[in-house]
There are 2 protein chains.
Amino acid sequence: MANAKNDYPELLLENQLCFPLYACSKEIIKRYRPFLDELELTYTQYLVMLVLWERQSLSSKELGQALYLDSGTLTPVLKKLEEKGLLSRRRSDDDERNLIVSISEAGEELKHRAAHVPQSLASCVKLDADEAQELYRLLYKFLGSL
Amino acid sequence: MANAKNDYPELLLENQLCFPLYACSKEIIKRYRPFLDELELTYTQYLVMLVLWERQSLSSKELGQALYLDSGTLTPVLKKLEEKGLLSRRRSDDDERNLIVSISEAGEELKHRAAHVPQSLASCVKLDADEAQELYRLLYKFLGSL
DNA sequence: GATAATTCAATTGTGCGCAATTGAATTGAA
DNA sequence: TTCAATTCAATTGCGCACAATTGAATTATC
């Protein structure tokens, strides 16, 4: 009988770069939950708000490009955030195909309550600052190479 | 008016380690799709098969620990893979609470057709071997620290 | 040996995430 | 100018992903 451990070593779970990416992503998102629950935001909603806290107004398409999300994901998330009163959605005057997403007063307020989240998360992660820096650099290089 | 770019620099999307993890994970999974389509596997099903190609038989709980997945995710995935004939599910004789998942003949066959997938994926990624190695190391350290 | 606590898979409900499609608005080419 | 191609958001359908709960099986405590 073939040695299942070694006949295709490239198929070992531990030899796939994709898996730790997938696992890390899910695990870190789980760590956000208690902090985001306080803000009544899901992780995806939080990402949208991060962009809006930087750029008060932008098109749905630009938002999708920033977050690597398509309209199938964004449309319902943006509708939910509008229901919560954190942003407004309107069509562009220039081009009615474009949806302009703008942060509301309440959305701006929420920024102050969210300010502690990154620091709270950082305390869950036990990486040296320079290792975190290197991980960050490699992830962006990886992302850029795809 | 406050400078929205700088009043909470820690809230900038680009300053969050979580985001490139999340984006890389999603993008890399997308790259798998054309190759996994040929095998008629989803990414999650592929992960399950990777484990089974290493360990021909194990409990659902062990599988969940290996993949960081809970029963709510695994139960329907395992049922689907059983329907496809790639594995079998049975209760443990020792402890009826445990579900034993075992690879089938067809599941073993599929391994040969999957053998090229890691190499095909690697060609999508433009990282030096030592950078990939370092990324790998940091991701596992990160995962272990959570 | 009764029963309380624990440990499982399974179920339920919600929210993505995305491929594929639709339909409206705009742009481009003849 | 007409009509074909493009570019958008929105919709549809499917498959996770996971929190919370349920109920059965097992283990621990008394």
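In this structure, A:Asp94 reaches the sugar-phosphate backbone alone: every heavy-atom distance under 4.0 Å involves primed, P, OP1 or OP2 atoms, never a base. When heavy atoms are screened at a 4.0 angstrom cut-off, B:Asp95 is found touching the sugar-phosphate backbone but no base atom. Within the 4.0 angstrom heavy-atom criterion, no nucleotide atom of any strand lies near B:Glu62.
For A:Lys80, the NZ atom counts as loosely surrounded, since its 6.0 Å shell holds 12 or fewer non-hydrogen atoms of other residues, nucleotides or ligands. In A:Lys26, the NZ atom is crowded: over 12 heavy atoms of neighbouring residues, nucleotides or ligands sit closer than 6.0 Å. In the displayed structure, B:Gln133 atom CD is contacted under 6.0 Å by at most 12 heavy atoms of other residues, nucleotides or ligands.
The side chain of B:Thr42 places an N or O atom within less than 4.0 Å of a non-bridging phosphate oxygen (OP1 or OP2) of D:dC16. Under 4.0 angstrom from either OP1 or OP2 of C:dT11 there lies at least one side-chain N or O belonging to B:Lys79. Applying the 4.0 Å criterion to OP1 and OP2 of D:dA10, one finds that A:Arg91 has a side-chain N or O inside that range. Put simply, B:Lys61 has no side-chain N or O that comes within less than 4.0 Å of OP1 or OP2 on C:dA9. For A:Tyr68, no side-chain nitrogen or oxygen approaches OP1 or OP2 of C:dG17 to under 4.0 Å. A sub-4.0 Å separation between OP1 or OP2 of C:dC18 and a side-chain N or O of B:Arg31 is absent. In this model, the phosphate group of C:dG17 is not approached by any side-chain N or O of A:Thr73 to a distance below 4.0 Å at OP1 or OP2. When the side-chain nitrogen and oxygen atoms of A:Thr44 are compared with OP1 and OP2 of C:dG15, none of them lie within a distance under 4.0 Å. Residue A:Ser60 places at least one side-chain N or O closer than 4.0 Å to OP1 or OP2 of D:dA9. Side-chain nitrogen and oxygen atoms of B:Tyr43 include none within less than 4.0 Å of the OP1 or OP2 phosphate oxygen of D:dG15. Checking the phosphate oxygens (OP1, OP2) of D:dA9, no side-chain nitrogen or oxygen of A:Arg90 falls inside 4.0 Å. Taking side-chain N and O atoms only, A:Gln45 has a distance below 4.0 Å to OP1 or OP2 of C:dC16.
Pairing partner, C:dA30: D:dT1, with both Watson-Crick or wobble hydrogen-bond distances short of 3.5 Å.
One can place CD of B:Gln65 at 12 Å from C1' of C:dT7, the figure rounded to the nearest angstrom. Whole-Å rounding puts the A:Leu74 CG to C:dC16 P distance at 10 Å. When rounded to the nearest whole Å, the span between NZ of A:Lys30 and P of D:dA20 equals 12 Å. The distance from atom CD1 of B:Ile29 to atom P of D:dG15 is 16 Å, rounded to the nearest whole Å. A straight line from CD of A:Glu40 to C1' of D:dA19 spans 17 Å, rounded to a whole angstrom. In this structure, B:Glu83 atom CD and D:dC14 atom P are separated by 14 Å, rounded to whole Å. B:Asp70 places its CG atom 14 Å from the P atom of C:dT11, with the value rounded to the nearest Å. A:Leu69 has its CG atom 12 Å from the P atom of C:dA19, to the nearest Å.
Using bins of under 30°, 30° to 60° and over 60° for the plane-to-plane angle, the ring pair A:Tyr68/B:Phe19 lands in the tilted bin.
For B:Ser92 (side chain) and B:Asn98 (main-chain N/O), no donor-acceptor pair under 3.5 Å exists by modelled atom type. Remark: side-chain polar atoms of B:Glu82 are not paired, donor with acceptor, to backbone N or O of B:Lys79 under 3.5 angstrom.
Taking every side-chain heavy atom of B:Glu96 into account, D:dT26 is the closest of D:dT7, D:dT26, D:dC18. Which of D:dT11, C:dT11, C:dC18 sits closest to the side chain of B:Ser71 comes down to C:dT11. Side-chain atoms of A:Arg97 lie closest to C:dT26 of the nucleotides C:dT7, C:dT26, C:dA10.
Nucleotides of DNA chain D nearest to B:Lys80 and A:Lys26 differ in position, and the one nearer the 5' end is that of B:Lys80. Each of A:Tyr22 and A:Ser59 has a nearest nucleotide on DNA chain D; the 5'-most of these lies closest to A:Ser59.
One side chain, B:Tyr32 or A:Gln16, offers a donor N or O that lies under 3.5 Å from an acceptor on the other.
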